[in-house]
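Values in this document were obtained by computation on a predicted structure and should not be read as measured data.
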Amino acid sequence: MILCIGNILNPTELETTIAKLEMAEFVDGKATAGWHARQVKHNTQLPQGSPALAIVRDIIDAALQRHALFQMAVRPYIVRPVTISRYDIGMSYGTHIDNALMYDPFMRSDVSMTIFLSDPTTYEGGELIIESTQGEVAFKLPAGSAIVYPSSTLHRVEAVTQGVRLAAVTWIQSLVRDPQQREILFDLDTARQTLFEASGKTPVFDLISKSHANLLRQWTEF
């Protein structure tokens with residue numbers, strides 16, 4: 001399931017984040033890429049130990065913890081601390097697959113996430129392209145919005161031709177490993193919440209809640 005989520009960061013959080021990043025020093029992004037991805041990764045990122053990175057990570061971590069739609073769609077077990085990427089003119093990230101296993105913390109990547117930080121009207125290019133059996137789909141979301149998608153997909157970032165593209169990226173080990181199972185749970189949860197808002201706690205709501213809870217119980221992995 002590929003899902004776009006609006007307003008992961010509120011205006012105040014976004015303003016604070018951008019202010020910190022505008023004053024920060026970025027380094028070559030190849031340092032955190034896998035051996036094969038280094039060949040196609042051409043961007044910069046905040047280095048470990050950057051005071052700005054620590055502040056921005058705290059802001060985004062708090063935002064993800066409180067965001068009900070993110071929690072419902074992803075079922076996070078481990079959320080990796082975000083990496084902040086910057087793409088200046090001519091920079092891109094060619095087609096690649098995210099590492100299946102990641103370290104510090106040790107985790108399996110089930111879901112990849114990009115939070116768009118720059119206003120899309122301030123830069124040209126820089127689209128996130130996700131490949132699927134239906135073809136390629138391009139995403140360029142409003143600042144503060146995010147996209148989550150299975151880490152098993154090939155994807156790339158198109159070259160920036162004007163302006164600067166700032167983004168936060170992270171990876172999640174989900175309580176529910178299988179993306180189709182996560183989508184079923186998401187659809188059931190959406191349906192039961194919609195039903196509750198329309199009709200309250202009814203026998204039909206209880207049956208859907210029972211099925212949702214029992215599937216979650218069956219599919220959850222710790």
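- Counting all heavy atoms, side chain and backbone alike, Gln48 lies closest to Leu53 at CA-CD2, 4.2 Å.
- Here the closest non-hydrogen pair linking Gln71 and Gln65 is NE2-CA, 3.6 Å.
- When side chains are defined from C-beta on, Ser174 counts as touching Arg182, because their heavy atoms get closer than 4.5 Å.
- With sequence neighbours excluded, the residues forming a side chain to side chain contact (heavy atoms under 4.5 Å, CB included) with Val137 are Phe139, listed by chain and number.
- Proximity of Ile59 to Thr16: side-chain heavy atoms (C-beta onward) are separated by under 4.5 Å at one or more points.
- Nearest heavy-atom pair across Pro105 and Arg80 is O-NH1, 3.6 Å.
- Here the CG-CD1 distance, from Leu14 to Ile60, works out to 9.5 Å after rounding to the nearest 0.5 Å.
- Residues Ile5 and Val82 share a single hydrophobic cluster, defined by chaining ILVMFWY side chains whose heavy atoms lie under 4.5 Å apart.
- Not counting sequence neighbours, the partners of Tyr87 by the side-chain hydrogen bond (donor to acceptor under 3.5 Å, both in side chains) test are Asn43.
- Residues in residues 82-101 take part in these salt bridge (Lys or Arg N to Asp or Glu O under 4.0 Å) pairs, two or more places apart or across chains: Arg86-Asp88.
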Using the rule given for side-chain contact (heavy atoms from CB on, under 4.5 Å), can you reason through Gln173 versus Asp110, listing the C-alpha separation, both sets of side-chain angles and the distance that settles it, and then say yes or no?
CA-CA 5 Å; Gln173 179 172 324; Asp110 296 321; 3.7 Å; yes
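- Val176 and Met1 sit in two unconnected hydrophobic clusters of ILVMFWY residues. Membership requires side-chain heavy atoms under 4.5 Å apart, directly or through other members.
- Although no hydrogens or angles enter the test, the distance criterion places no donor-acceptor pair under 3.5 Å between the side chain of Asn99 and the main chain of Leu101.
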Walk me through whether Asp187 and Ile184 qualify under side-chain contact (heavy atoms from CB on, under 4.5 Å).
CA-CA 5 Å; Asp187 288 345; Ile184 290 170; 5.9 Å; no
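- Separation of atoms CD1 (Ile89) and OG1 (Thr161) is listed at 7.5 Å; rounding is to 0.5 Å.
- Between the CD1 atom of Ile2 and the CD atom of Gln134 there is a distance of 8.5 Å, given to the nearest 0.5 Å.
- Using modelled atom types, no side-chain atom of Ser211 and backbone atom of Ile208 make a donor-acceptor pair closer than 3.5 Å.
- Residue Asp104 places its CG atom among 12 or fewer non-hydrogen atoms of other residues, nucleotides or ligands, all under 6.0 Å distant.
- Between the side chains of Ser209 and Arg192, at least one donor N or O lies within less than 3.5 Å of an accepting N or O.
- Inter-residue side-chain proximity for Leu185 and Leu215 is flagged as met; some heavy-atom pair is nearer than 4.5 Å.
- Side-chain contact check for Arg108 versus Arg177: some heavy-atom pair is nearer than 4.5 Å.
- Among residue pairs with one or both ends in residues 203-214, those qualifying as salt bridge (Lys or Arg N to Asp or Glu O under 4.0 Å) are Lys201-Asp206; sequence neighbours excluded.
- When the salt bridge (Lys or Arg N to Asp or Glu O under 4.0 Å) test is applied to Arg38, no partner is found at least two apart in sequence or on another chain.
- Across all non-hydrogen atoms, the minimal contact from Ser151 to Val111 is OG-C, 3.1 Å.
- Between the OG atom of Ser118 and the CG atom of Leu141 there is a distance of 12.0 Å, given to the nearest 0.5 Å.
- Of the possible polar contacts, none joining the Lys30 side chain to the Val40 backbone as a donor-acceptor pair under 3.5 Å is found.
- Applying the side-chain hydrogen bond (donor to acceptor under 3.5 Å, both in side chains) rule to His67 yields no partners; only residues at least two apart in sequence or on another chain are considered.
- Placement of Leu216 and Leu69 in two distinct hydrophobic clusters is found when ILVMFWY residues are connected by side-chain heavy-atom separations under 4.5 Å, directly or transitively.
- The ring pair (Phe, Tyr, Trp, His ring centres under 6.0 Å) check on Phe196 picks up Phe205, with sequence neighbours excluded.
- For the pairing with Phe186, the side chain to side chain contact (heavy atoms under 4.5 Å, CB included) check across Met72, Gln181, Arg75 returns one residue only, Met72.
- The number of heavy atoms from other shown groups lying within 6.0 Å of NZ (Lys20) does not exceed 12.
- Minimum interatomic distance between Ser85 and Phe26 (heavy atoms only, all atoms of both residues): C-CE2, 4.4 Å.
- Between Ile78 and Ile172, every side-chain heavy-atom pair lies at or beyond the 4.5 Å cut-off.
- Under the side chain to side chain contact (heavy atoms under 4.5 Å, CB included) criterion, Thr114 pairs with Phe116, Leu128, Ile147, Tyr149, Arg165, Ala167, Val169, sequence neighbours left out.
- Taking the side chain as every heavy atom from C-beta outward, Ile129 and Val157 never approach each other to under 4.5 Å.
- Under the rule for a side-chain hydrogen bond (donor to acceptor under 3.5 Å, both in side chains), the partners of Glu136 that lie at least two apart in sequence or sit in another chain are Arg156.
- Considering all non-hydrogen atoms of both residues, Ser145 and Asn7 come closest at OG-N, 3.8 Å.
- Ring-plane geometry between His96 and Tyr93 is classed as parallel, the angle between the planes falling under 30 degrees on a 0 to 90 degree scale with a further cut at 60.
- Proximity of Leu21 to Ile84: side-chain heavy atoms (C-beta onward) are separated by under 4.5 Å at one or more points.
- Under the 4.5 Å side-chain contact rule for hydrophobic residues, Met113 and Val79 share a cluster.
- Between Thr83 and Thr170, the closest side-chain pair of non-hydrogen atoms is not below 4.5 Å.
- The hydrophobic clustering, which links ILVMFWY residues whose side-chain heavy atoms are closer than 4.5 Å, places Leu9 and Val164 together.
- For Gln193, the side-chain hydrogen bond (donor to acceptor under 3.5 Å, both in side chains) partners two or more places apart in sequence, or in a different chain, are Asp189.
- Judged by distance alone, with hydrogens and angles left aside, the side-chain atoms of Lys140 form no donor-acceptor pair with the main-chain N or O of Gly126 at under 3.5 Å.
- Through direct or relayed side-chain contacts under 4.5 Å between Ile, Leu, Val, Met, Phe, Trp and Tyr, Leu154 connects to Ile97.
- Counting only residues at least two apart or on different chains, the salt bridge (Lys or Arg N to Asp or Glu O under 4.0 Å) pairs with a member in residues 59-68 are Glu13-Arg66.
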